Amino acid sequence: MKLALSNSLKQRGGAWTPAKFGSNLKMWLRKDTDILESDGSAAEDGEDITKWSDQSGSGNNMLAANNYFDYDSATGGVESGDGSNSKLYLATDGTKNLTFTAGFSLYVRFALSTVTSGATDLFVYDSDAPTLDFLRLQSTTELRSKLNGSGKIGWSYTNPTLDSFNNWGYERDGSNNLTTYLNNSSLTRLTSGTFVTGAVSGDFVLDAIGGSFDGIILEVVWVDRGLTAAERTSLNTYLTNI
């Protein structure tokens, strides 16, 4: 794996990577790293992938059926092979999930080829109860989430260029305040109509990434707390330069 890391990322002990989060890092799916096909060998270009191995040390590997994603050697990421059924699971039988009871930070670098309004949970969700816990692209102008069956929570955004890579993030801090980010810029929270405003508590139960996803995922980072501004900047720079 070749990383185009700038000098601004250099810290004592080497270049900054998500490993700096230590025990708070709960998942790190890394570009061009431990992306496997069904026989357990490294997937080659265009081959179906069945496992993307977690680099955090937490053992939160993501699994997929054979036709959901293909390895894309040009980017080192996983590309949707079936845009209407492209999911990665902690366990395909639903027996494993991650539950964030307090703060969390969920970041994904991906490129979208299409956005299907209201038909995708491409960020993260609970596949057993997808209406209770999720963050998704509701449309080309709105992100929408629910936590523990809350009312709808939304943010507005300007749809980035299709087939270009961007960094998307979702955080809850220690006071249960929620923020979403696009390339390290916070998005405007929707407050009109029936949108929930203010802090939102409750468990956020997650076991899947994807859904009706059409594009390429490069990296995924899940942390069990909110980030500092400096950490957020370092993570955004790292993701941008992989």
Side-chain angles (χ1 to χ4, degrees), residues 24-29 34-36 38 48-69 78 80-108 110 112 115-139 142-155 168-172 176 178 180 194-196 199-215 217 219-226:
N24 294 117
L25 183 62
K26 299 306 177 184
M27 179 187 291
W28 180 16
L29 304 181
D34 286 340
I35 301 172
L36 309 178
S38 58
D48 296 336
I49 68 106
T50 57
K51 182 179 181 180
W52 198 354
S53 301
D54 176 24
Q55 305 300 306
S56 76
S58 300
N60 291 317
N61 307 311
M62 277 289 180
L63 309 175
N66 285 353
N67 64 342
Y68 283 6
F69 288 93
V78 299
S80 56
D82 177 355
S84 64
N85 197 17
S86 46
K87 304 177 183 71
L88 293 165
Y89 295 99
L90 283 170
T92 54
D93 62 1
T95 57
K96 184 177 182 179
N97 59 55
L98 280 172
T99 299
F100 295 97
T101 59
F104 58 76
S105 301
L106 310 172
Y107 280 81
V108 186
F110 59 71
L112 284 169
V115 177
T116 304
S117 296
T120 178
D121 292 304
L122 65 86
F123 280 84
V124 286
Y125 60 102
D126 180 3
S127 64
D128 297 323
T131 63
L132 299 183
D133 293 293
F134 65 82
L135 174 68
R136 69 180 179 221
L137 289 183
Q138 184 70 17
S139 71
E142 180 192 331
L143 291 178
R144 187 174 293 183
S145 178
K146 287 188 178 182
L147 279 77
N148 198 29
S150 68
K152 65 182 181 181
I153 311 157
W155 295 264
W168 300 81
Y170 187 29
E171 294 192 34
R172 180 167 68 179
N176 294 322
L178 297 165
T180 57
T194 59
F195 285 99
V196 173
V200 182
S201 60
D203 293 349
F204 198 22
V205 181
L206 307 172
D207 66 2
I209 300 171
S212 299
F213 176 76
D214 181 17
I217 302 174
E219 296 217 8
V220 178
V221 177
W222 293 6
V223 180
D224 68 354
R225 60 171 174 80

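Numbering of residues begins at 1 and proceeds along the displayed sequence. Only a predicted model underlies this, so the values are computations on that prediction, with no experimental measurement involved. Atoms considered below: every heavy atom in the structure, side chains included; atoms not considered: hydrogens, waters and symmetry mates.
The shortest side-chain heavy-atom distance between W168 and L135 does not fall under the 4.5 Å cut-off. No side-chain heavy atom of K96 sits under 4.5 Å from any side-chain heavy atom of Y89. At least one side-chain heavy atom of L106 sits under 4.5 Å from a side-chain heavy atom of F204. Counting only heavy atoms from C-beta outward, the side chains of F104 and L178 approach each other to under 4.5 Å. Using a 4.5 Å heavy-atom cutoff, the side chains of D54 and W28 are in contact. Within the 4.5 Å cutoff, no side-chain heavy atoms of L29 are placed close to those of I217. Using a 4.5 Å heavy-atom threshold, the side chains of V220 and L88 count as separate. A 4.5 Å side-chain heavy-atom check between W222 and I209 finds at least one atom pair inside the cut-off.
Donor-acceptor pairing under 3.5 Å is recorded for the side chains of Y170 and S145. Using modelled atom types and a 3.5 Å distance limit, the side chains of Y107 and E219 yield no donor-acceptor pair. When only modelled atom types and interatomic distance are considered, D224 and N24 share a side-chain donor-acceptor pair under 3.5 Å.
When every heavy atom of L36 is checked against every heavy atom of S53, the shortest pair comes out as CD1-OG, 4.1 Å. Taking all atoms of both residues into account, the shortest heavy-atom contact from F213 to S80 is O-CB, 3.1 Å. Shown here for N176 and S201, the closest heavy-atom pair between the two residues is ND2-CB, 3.5 Å. Residue D207 comes nearest to N97 through the heavy atom pair CB-CB, 3.8 Å, listed as atom of the first residue, atom of the second, then distance. For the pair Y68 and S86, the tightest heavy-atom approach, listed with the atom from each and the gap, is O-CB, 3.9 Å. Across all their heavy atoms, K87 and G211 have their closest contact at CG-N, 3.7 Å.
We find the CE-NZ distance between M62 and K51 to be 13.0 Å, quoted to the nearest 0.5 Å. Rounded to the nearest 0.5 angstrom, S58 OG and Q55 CD are separated by 11.5 Å. Annotation: the span from R144 atom CZ to L137 atom CG amounts to 12.0 Å, rounded to 0.5 Å. Taking CG from L90 and CG from N61, the interatomic distance works out to 8.5 Å, rounded to the nearest 0.5 Å.
A donor-acceptor contact shorter than 3.5 Å links the side chain of D93 to the backbone of T95. Counting only distance, with no hydrogens or angles, the side chain of N60 and the backbone of K26 share a donor-acceptor pair below 3.5 Å. Formation of a donor-acceptor pair under 3.5 Å by the R225 side chain with backbone atoms of S105 is not found in this model.
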(request) With side-chain contact (heavy atoms from CB on, under 4.5 Å) as the test, would you mind laying out the steps for D203 and T101 before giving the verdict? (result) CA-CA 5 Å; D203 293 349; T101 59; 3.4 Å; yes
(message) If you apply the rule side-chain contact (heavy atoms from CB on, under 4.5 Å), what do you find for E142 with F195, and how did you get there?
(response) CA-CA 12 Å; E142 180 192 331; F195 285 99; 3.6 Å; yes
(request) Could you please spell out the steps behind the side-chain contact (heavy atoms from CB on, under 4.5 Å) verdict for L63 and T50? (result) CA-CA 5 Å; L63 309 175; T50 57; over 6 Å; no
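The ring-ring contact (aromatic ring centres under 6.0 Å, His included) test with F123 singles out one residue from F134, W155, F110, and that residue is F110. Evaluated for a side chain to side chain contact (heavy atoms under 4.5 Å, CB included) with S150, the options D133, V200, L132 yield exactly one hit, V200.
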